[in-house]
Amino acid sequence: MDESRFRAEQLLTLSSAARRLADLIAAAERPVRYEVLRHLLRVSEETMIEVLEEAVHVRLVRRGEDPFTYTPYDDATGSEIREGMPPDRLDRLRRQLESAAERVFGE
């Protein structure tokens, strides 16, 4: 099986939470704190770890320089995810990220 077909199959089997996680991280265009992501996904600690592992495994996201932050796997991946979103969804995700950071950290 060629690499692009294998990657496509991996992406098709992603959970909805892992897809949402990757969308949020790509929309932010900067590292996103774990606490903010967990607040937005509204999942248990155990599920959050599984979702992160899933998204990292298929190379959609990676840990940032600060080990409590996450970024797109690389610039091309982040751009590709953002380009696949309608502008109104991208704006909505960015507002949700901002609001969640304010609630979680008082920023």
Side-chain angles (χ1 to χ4, degrees):
M1 180 181 315
D2 70 24
E3 186 176 332
S4 63
R5 182 174 172 181
F6 178 71
R7 179 144 171 85
E9 287 184 9
Q10 283 182 311
L11 295 176
L12 285 173
T13 61
L14 274 179
S15 68
S16 60
R19 284 191 300 271
R20 179 162 164 73
L21 175 90
D23 287 353
L24 286 163
I25 291 169
E29 296 190 75
R30 62 186 170 105
V32 183
R33 300 250 343 144
Y34 172 89
E35 300 89 345
V36 171
L37 292 168
R38 184 159 176 239
H39 179 80
L40 286 168
L41 292 178
R42 300 182 192 278
V43 296
S44 69
E45 185 84 23
E46 181 180 342
T47 300
M48 186 67 187
I49 291 167
E50 291 171 4
V51 168
L52 282 166
E53 287 175 354
E54 185 180 359
V56 167
H57 177 73
V58 296
R59 293 182 284 180
L60 289 177
V61 304
R62 65 177 175 81
R63 277 199 167 145
E65 290 181 22
D66 174 337
F68 298 104
T69 63
Y70 290 85
T71 65
Y73 182 77
D74 55 28
D75 290 339
T77 300
S79 292
E80 189 175 319
I81 293 170
R82 282 188 301 277
E83 289 169 8
M85 281 188 248
D88 60 323
R89 181 158 193 265
L90 190 56
D91 290 341
R92 186 175 64 250
L93 291 177
R94 288 177 175 156
R95 285 191 308 272
Q96 289 173 353
L97 284 158
E98 186 177 312
S99 178
E102 289 174 5
R103 282 191 300 267
V104 172
F105 297 111
E107 295 177 358

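M48 pairs with exactly one of E35, R38, R42 by the side chain to side chain contact (heavy atoms under 4.5 Å, CB included) rule, that one being R38.
Between the side chain of S99 and the backbone N or O of R95 there is no donor-acceptor pair closer than 3.5 Å. Without hydrogens or angle criteria, E54 side chain to S15 main chain gives a donor-acceptor distance under 3.5 Å. Although no hydrogens or angles enter the test, the distance criterion places a donor-acceptor pair under 3.5 Å between the side chain of R94 and the main chain of A27.
Closest of all the heavy-atom pairs between A26 and G78 is CB-O, 3.8 Å. Smallest separation of non-hydrogen atoms from A101 and V36: CA-CG2, 3.9 Å. Annotation for A17 and L41: closest pair O-CD2, 4.0 Å, computed over non-hydrogen atoms. A pairwise comparison of heavy atoms in L97 and L24 identifies CD1-O, 3.4 Å as the closest pair. When every heavy atom of I25 is checked against every heavy atom of T71, the shortest pair comes out as CG2-C, 3.3 Å.
In this structure, CG on D23 lies 9.0 Å from CG on L60, to the nearest 0.5 angstrom. Here R103 contributes atom CZ and E98 contributes atom CD; the two are 11.0 Å apart, rounded to the nearest 0.5 Å. Going from atom CG of D66 over to atom OH of Y34 covers 14.0 Å, rounded to the nearest 0.5 Å. We find the CD-NE2 distance between E102 and H39 to be 10.5 Å, quoted to the nearest 0.5 Å.
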Walk me through it: do R82 and L90 pass the test side-chain contact (heavy atoms from CB on, under 4.5 Å)? CA-CA 7 Å; R82 282 188 301 277; L90 190 56; 4.0 Å; yes
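Under the 4.5 Å side-chain heavy-atom criterion for grouping Ile, Leu, Val, Met, Phe, Trp and Tyr, F68 is not connected to F105 through any hydrophobic cluster. Under the 4.5 Å side-chain heavy-atom criterion for grouping Ile, Leu, Val, Met, Phe, Trp and Tyr, L52 is connected to L93 within one hydrophobic cluster. Two different hydrophobic clusters hold Y73 and V58 under the rule that ILVMFWY side chains link at heavy-atom gaps under 4.5 Å.
Surrounding CD of E45 are more than 12 heavy atoms belonging to other residues, nucleotides or ligands, all under 6.0 Å away. With a 6.0 Å radius and a threshold of 12 heavy atoms from other residues, nucleotides or ligands, D75 has its CG atom at or below the threshold.
At a cut-off of 3.5 Å, with distance as the only test, a side-chain donor of R63 or Y70 sits close to an acceptor on the other residue. Checking S16 against R20 by side-chain atom types alone, no donor-acceptor pair falls below 3.5 Å.
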